[in-house]
Amino acid sequence: MSSQRKPADGFALATMVVLCAIWGLQQVAVKLAAPYVPNLMQMALRSGVAALLVALLCWVRGERGLLRRGPWRAGMLVGVLFSLEFLFVAEGLRHTNASHMGVFLYTAPVFSALGLHWFVPSERLKRTQWLGIGVAFAGIALAFGGGWLRGGLSPSVLRGDAMGLLAGLAWGATTVVIRTSSLSDAPPTQTLLYQLAGGAALLLPVALLTGQAGPITMVPVAWASLFFQCVIVCFASYLVWFWLLRHYLASNLSVFSFMTPLFGISAGILVLNEQADVSFAVGAVLVLTGILIVSGAGLLRSVSAWKQGTT
């Protein structure tokens with residue numbers, strides 16, 4: 001595996017802002033389409049359609065043998081983790097708000113930082129970063145427990161929040177597997193194809209077996225949501241993300257994902273008229289603060305590089 005990855009620069013910063021805006025909107029898109037297409041079926045469809053788009057891209061670029069000669073063991077593992085992530089997202093969104101899911105799903109940088117600490121010597125955590133992890137988990141505890149203790153959250157919402165946290169854990173584990181396996185140097189199309197193909201292969205049977213494959217009513221909102229999820233999120237944004245992982249330090253990139261919950265919470269409030277519980281809001285702030293502390297050095301280097309690039 002190559003270790004020639006650089007700290008995030010101005011280009012990475014600008015790209016991550018766009019990616020975070022896209023990812024922050026995806027939970028809202030799922031919620032909007034839920035009355036017409038069941039959540040789990042949305043995940044299966046978007047994985048399958050995006051997998052076909054990536055396969056077509058590979059064919060056009062002459063990369064037709066990527067799956068046959070690739071690191072299939074690591075590929076199967078990230079495919080399973082990807083499926084678990086979006087299984088938890090789909091089920092969680094049946095019980096909790098999109099804004100809640102946006103915060104708990106994007107605890108992934110904390111979990112990936114912990115995993116990379118143990119497996120990648122160049123990404124070992126420092127004392128301040130351990131403090132950040134502590135702050136983040138304190139925020140998780142407050143977001144979970146505060147509203148429940150005051151009677152402000154139902155068991156159903158707490159179950160959805162827990163699934164969001166499990167989704168974040170699965171995403172963090174995916175990043176660790178990619179960085180510590182031969183997928184670290186694989187083409188972005190190959191890494192993404194493993195995940196999307198695995199997602200479609202595993203999520204569609206689960207949707208069928210659990211009765212969540214239908215009914216489907218393709219109204220304009222459903223078409224728009226699925227187009228956004230399939231083409232913009234699962235195809236374009238994930239390709240860009242894996243390209244970034246090949247060229248920049250994962251810990252430096254992960255810090256920028258703190259922006260995603262901000263976009264997600266804002267979209268949930270503005271588009272879905274969701275209400276933010278005080279305990280959840282304070283907990284979310286602590287989670288974001290913890291993520292910033294975990295990767296604060298990378299953020300400072302990236303902002304410095306961005307400023308130098310604009311002068």
Check your understanding: According to a 4.5 Å side-chain heavy-atom criterion applied to Ile, Leu, Val, Met, Phe, Trp and Tyr, with indirect links allowed, do Ile133 and Leu165 form part of one hydrophobic cluster?
Key -> yes

Review point. Can you find a heavy atom in the side chain of Leu183 that is under 4.5 Å from one in the side chain of Tyr194?
Key: yes

Exercise for review: Return the minimal non-hydrogen interatomic distance between Val54 and Leu192, and the atom names on each side.
Suggested key: CG2-CD2, 3.8 Å

Review point. Given side chains that start at C-beta, do those of Arg179 and Phe119 come closer than 4.5 Å, heavy atoms only?
Key: no

Check your understanding: Do side-chain atoms of Thr96 reach the backbone of Gly92 as a donor and acceptor pair under 3.5 angstrom?
Key -> no

Exercise for review: Measure from NZ or CZ of Arg46 to the centre of the six-membered ring of Phe227 and say whether it is under 6.0 Å with the direction within 45° of the ring axis.
Suggested key: no

Study note, to complete from the structure: From the list Thr174, Val176, Thr180, side chain to side chain contact (heavy atoms under 4.5 Å, CB included) with Ile178 holds only for Thr174

Study note, to complete from the structure: Interatomic distance, CG@Leu84 vs CG@Leu202, rounded to 0.5 Å, equals 8.0 Å

Exercise for review: Measure the CG-CG distance between Asn39 and Leu87 for me, rounded to the nearest 0.5 Å.
Suggested key: 11.0 Å

Check your understanding: Ignoring hydrogens and geometry, is there a side-chain-to-backbone donor-acceptor pair from Ser83 to Gly198 under 3.5 Å?
Key -> yes

Practice item. Any chance you could lay out the side chain to side chain contact (heavy atoms under 4.5 Å, CB included) test for Glu85 and Leu169, step after step, and finish with the verdict? Key: CA-CA 8 Å; Glu85 176 189 343; Leu169 176 60; over 6 Å; no

Check your understanding: Do Leu244 and Leu19 touch side chain to side chain, with heavy atoms closer than 4.5 Å?
Key -> yes

Exercise for review: Apply side-chain hydrogen bond (donor to acceptor under 3.5 Å, both in side chains) to the pair Glu91 and Gln212, showing each step before the final yes or no.
Suggested key: CA-CA 10 Å; Glu91 288 299 296; Gln212 298 186 62; 3.0 Å; yes

**Study point:** Thr210 side chain to Val206 backbone, donor-acceptor under 3.5 Å
**Key:** yes

Point to revise | Any donor-acceptor pair under 3.5 Å from Thr107 side chain to Phe104 backbone | key: yes

Practice item. Treat each ILVMFWY residue as a node, draw an edge where side-chain heavy atoms are under 4.5 Å apart, and state whether Trp23 and Leu32 are in one component. Key: no

Practice item. Show the numbers, then the answer: is there a side chain to side chain contact (heavy atoms under 4.5 Å, CB included) between Met41 and Leu204? Key: CA-CA 7 Å; Met41 193 59 182; Leu204 183 56; 3.8 Å; yes

Point to revise | For Gly172 against Phe111, the heavy-atom pair lying closest together | key: CA-CB, 4.3 Å

Review point. Given side chains that start at C-beta, do those of Phe137 and Val110 come closer than 4.5 Å, heavy atoms only?
Key: yes

Practice item. Please report the closest heavy-atom contact between Ala136 and Val287, naming both atoms and the distance. Key: O-CG2, 3.5 Å

Review point. For Tyr36, does its backbone N or O pair with a side-chain atom of Thr217 as donor and acceptor, under 3.5 Å?
Key: no

Check your understanding: Are Ser47 and Leu203 close enough that some pair of their side-chain heavy atoms sits under 4.5 Å apart?
Key -> yes

Review point. Going hydrophobic residue to hydrophobic residue with side-chain gaps under 4.5 angstrom, can you get from Val49 over to Val37?
Key: no

Check your understanding: side chain to side chain contact (heavy atoms under 4.5 Å, CB included) between Trp130 and His117: does it pass, once the steps are laid out?
Key -> CA-CA 10 Å; Trp130 283 111; His117 169 81; 3.6 Å; yes

Check your understanding: Considering only heavy atoms from C-beta outward, does the side chain of His100 approach that of His95 to under 4.5 Å?
Key -> no

Review point. Quick one: OG on Ser99 to CG on Leu262, what's the gap to the nearest 0.5 Å?
Key: 12.0 Å

Check your understanding: Tell me, do Trp223 and Phe228 make a side-chain contact under 4.5 Å, heavy atoms counted?
Key -> no

Review point. Given the rule in the side chain to side chain contact (heavy atoms under 4.5 Å, CB included) test, do Leu57 and Phe235 qualify, once you have shown the distances and angles that lead to the verdict?
Key: CA-CA 10 Å; Leu57 178 63; Phe235 177 63; 4.2 Å; yes

Exercise for review: Check for a donor-acceptor pair, side chain of Lys31 on one end and backbone N or O of Leu272 on the other, with a separation under 3.5 Å.
Suggested key: no

Check your understanding: Leu81 and Ala170: which non-hydrogen atoms are nearest, and at how many Å?
Key -> O-CB, 3.8 Å

Exercise for review: Heavy atoms only: give me the nearest Ala51-Ala197 pair and the separation to one decimal.
Suggested key: CB-N, 4.1 Å

Exercise for review: Give the cluster check for Phe11 versus Val17: same hydrophobic cluster or not, with ILVMFWY residues linked at side-chain heavy-atom distances below 4.5 Å.
Suggested key: yes

Exercise for review: Output the distance between atom CD (Gln190) and atom OG (Ser182), rounded to the nearest 0.5 Å.
Suggested key: 8.0 Å

Check your understanding: Which value, rounded to the nearest 0.5 Å, describes the distance between Cys234 atom SG and Ile22 atom CD1?
Key -> 11.5 Å

Study note, to complete from the structure: Heavy-atom nearest pair, Phe263 first then Gly24, reads CB-CA, 4.2 Å

Review point. Does a sphere of radius 6.0 Å around CE in Met218 hold more than 12 heavy atoms from other residues, nucleotides or ligands, not counting ones at 6.0 Å or beyond?
Key: yes

Check your understanding: According to the interplanar angle, ranging from 0 to 90°, do the rings of Phe82 and Tyr238 count as parallel (below 30°), tilted (30 to 60°) or perpendicular (above 60°)?
Key -> perpendicular

Review point. Without hydrogens or angle criteria, can the side chains of Gln42 and Gln229 be said to hold a donor-acceptor pair below 3.5 Å?
Key: yes

**Study point:** Cluster overlap Trp171 with Trp243, hydrophobic side-chain contacts below 4.5 Å
**Key:** yes

Check your understanding: From Leu196 CG over to Thr189 OG1, what is the distance, rounded to the nearest 0.5 angstrom?
Key -> 11.0 Å

